[in-house]
Amino acid sequence: MLQLNYLRDHREAVIQRLKHRFFLTAEEDVDRILAFDRKRRQLQLDLDTTQARSNALSKEIGQRMKEGNQEAAESARRETAELKQRAREWGEELATTEKALYDVLVTLPNLPHASVPAGRTAEENEVVLQHGTLPDLPETALPHWDLVKQYDRKTGPIVDFELGTKITGAGFPVYKGKGARIQRALVNFFLDEAQRAGYVEIQPPLVINRDSGFGTGQLPDKDGQMYHIPEEDFFLIPTAEVPITNLYRDVILASADLPVKHVGYTPCFRREAGSWGAHVRGLNRLHQFDKVEIVQVCQPEHSYAVLEEMSQYVQGLLRKLELPYRVLRLCGGDMGFTAALTYDMEVYSAAQKRWLEVSSISNFETYQANRLKLRYKVEGKTQLLHTLNGSALALPRVLAAILENNQTSEGILLPKILQPYAGFEKID
RNA sequence: AGAGGGAUGGCAGAGUGGUCGAUUGCGGCGGUCUUGAAAACCGUUGGCUGUAAAAGGUCCGGGGGUUCGAAUCCCUCUCCCUCUGCCA
């Protein structure tokens, strides 16, 4: 959520930056907010004045009654009746105005950082860098959804989509044998690496309440993307970002606590309503998948350095996995609602001949912190912190790329770094 | 799930209708003393809103009510604890 006082002082800049991400009603919305804000402040002033008078009278009534001066007490009491009526009216109008202001304010996305490229769609994202050579596979190379059926020759499909359909439905694959072991190897590898980089591991709940969903920005408008449990109004987490960042909801940290660095492995659940179509075969898009997520909370002046650090960290993982990758800086139109700047990491999946997003690393600046009321003390004042997070990494597409890129006539070779974690070198 | 008891400032814990945003202790911060530290002593120490700074307003789990006045009384919701039951 944008900060109202910033909006008050920087109307033009806010509108310009919102337009940068093709938020078309920017000007209209900002002006509505500012109008509500002016009204709100006037009402607040009126209400405060009335209540101050009312409070003074109440004290006086107490005094008079103690003195036994019934008459004076009664006269003061008569005056409060009128004040009370006025206060009620101001109060109701104030509440209505605040609600109206808030309803518009929460629909405004975050302001894009100055370095965010202009652009409306994914086509206009900026390729920051590309690393590694793209494998040149023979024509007979298979996409991973065919490869998984072919291996393991001994135990059957290492990722079984049909079986998952039987148990649940499309998008819930079953990992078996070496497929399951590779997943576990990846999780352990990612967690160990994060720990070495100073991230403290968290095992959060996989089910969250409405307040948590609001804190990180999934609610109110993305509730259709989460699985909902109506009996208790809970949601299955779409990412570990939600429970981990919400650990710091309503928290005031000391400077000495910063930066906060957390890592968590969780399954993630996404309804992906409306996003099925071409290019979603196999592991490319799932309703349930595993992900290791890194989260940081830091001082505003450090957050862009932290973002770069997180980007370097994730790139390090991809290099260790020997996967060709590229880094994108998302354009204004493609960025998530809550982000100020996002880097996407894509690996090259050689049989599909496609780049697959395996990580998205974002700086939310104060957008989430404002909703979370996540602050710290600096020179005696409380100030909003900055939050960041990134996948490190999402498993299915990493697995897809490993399977496709490393296929040989003798089987699929695991990257060296994973072999000790998996306990085998090759799927055959 | 049933019965009972709770929810107060970073923590502990008073406060049962009126100068209570809240006694006190611990912790934190600043100071005196000390070569330094500890101890002792003195001072200070909530959030939000508002202002140039004040003043003022608001908040004692959430919401609603009674009253001139509510942390305190009433209703309701949520959560926690104890006992009983069930269960990985």
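The figures here come from the full heavy-atom set of this structure, side chains too, leaving out hydrogens, waters and symmetry mates. Throughout, a chain's letter reflects where its sequence line sits, starting with A, and its residues are numbered from 1.
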Interatomic distance at P, B:G57 relative to B:A71, whole Å: 14 Å

Look at A:R53 together with A:E79 and state whether they make a salt bridge at an N to O cut-off of under 4.0 Å. yes

Where along residues 201-214 of chain A does a heavy atom come under 4.0 Å from RNA chain B, residue by residue in number order? none

Across the strands shown, which category fits A:T80 at heavy-atom distances under 4.0 angstrom: base, sugar-phosphate, nothing? sugar-phosphate

Would you indicate what A:I61 reaches in the nucleic acid, counting non-hydrogen atoms under 4.0 angstrom: base, sugar-phosphate, or nothing? base

Only counting residues at least two apart or in another chain, list the ones meeting ring-ring contact (aromatic ring centres under 6.0 Å, His included) with A:F235. A:H228

Just checking, A:K178 and A:F424: is the charged tip under 6.0 Å from the six-membered ring centre and within 45° of the axis? yes

Please identify which of these residues, A:Q407, A:E404, A:K149, meets the side chain to side chain donor-acceptor pair (under 3.5 Å) condition with A:H144. A:E404

When the P atoms of B:A12 and B:A3 are considered, how many whole Å apart are they? 29 Å

Using the rule side-chain contact (heavy atoms from CB on, under 4.5 Å), only one of A:T342, A:L372, A:L341, A:T338 pairs with A:F364; which is it? A:T338

Need to verify one output field. Residue with the more 5' nearest nucleotide on RNA chain B, A:Q51 or A:R41? A:R41

Among B:G47, B:U67, B:G57, the one nearest A:K84 by side-chain distance: B:U67

Using the C1' atoms only, state how far B:G27 lies from B:U76, rounded to an integer number of Å. 37 Å

Would you measure the distance from the P atom in B:G62 across to the matching atom in B:U67 and give it in whole Å? 23 Å

Salt-bridge criterion met for A:E193 and A:R196 (N-O under 4.0 Å): yes

Stem finding on RNA chain B, please: runs of three or more consecutive Watson-Crick or G-U wobble pairs, both distances under 3.5 Å, sorted by first number. B:1-7 with B:78-84, B:10-12 with B:24-26, B:27-32 with B:40-45, B:46-49 with B:56-59, B:61-65 with B:73-77

Selection from B:C68, B:G57, B:U49 that lies nearest to any side-chain heavy atom of A:R40: B:U49

Listed nucleotide nearest any side-chain atom of A:R8, set B:G47, B:G50, B:G65: B:G50

For the backbone of A:P143 and the side chain of A:D146, can you confirm whether one donor and one acceptor N or O come within less than 3.5 Å of each other? no

May I ask you to say what A:T382 touches in the nucleic acid, namely base, sugar-phosphate or nothing, with a heavy-atom cut-off under 4.0 Å? sugar-phosphate

Taking the basic N atoms (NZ, or NE/NH1/NH2) and the acidic carboxylate oxygens, is any pair closer than 4.0 Å for A:R86 and A:E82? yes

Nearest 0.5 Å, what's the CD-CG distance between A:Q225 and A:L219? 11.5 Å

Need to verify one output field. Residue with the more 5' nearest nucleotide on RNA chain B, A:K59 or A:S54? A:K59

Hey, does the side chain of A:N5 come within less than 4.0 Å of B:U49's phosphate (OP1/OP2), counting only N and O? no

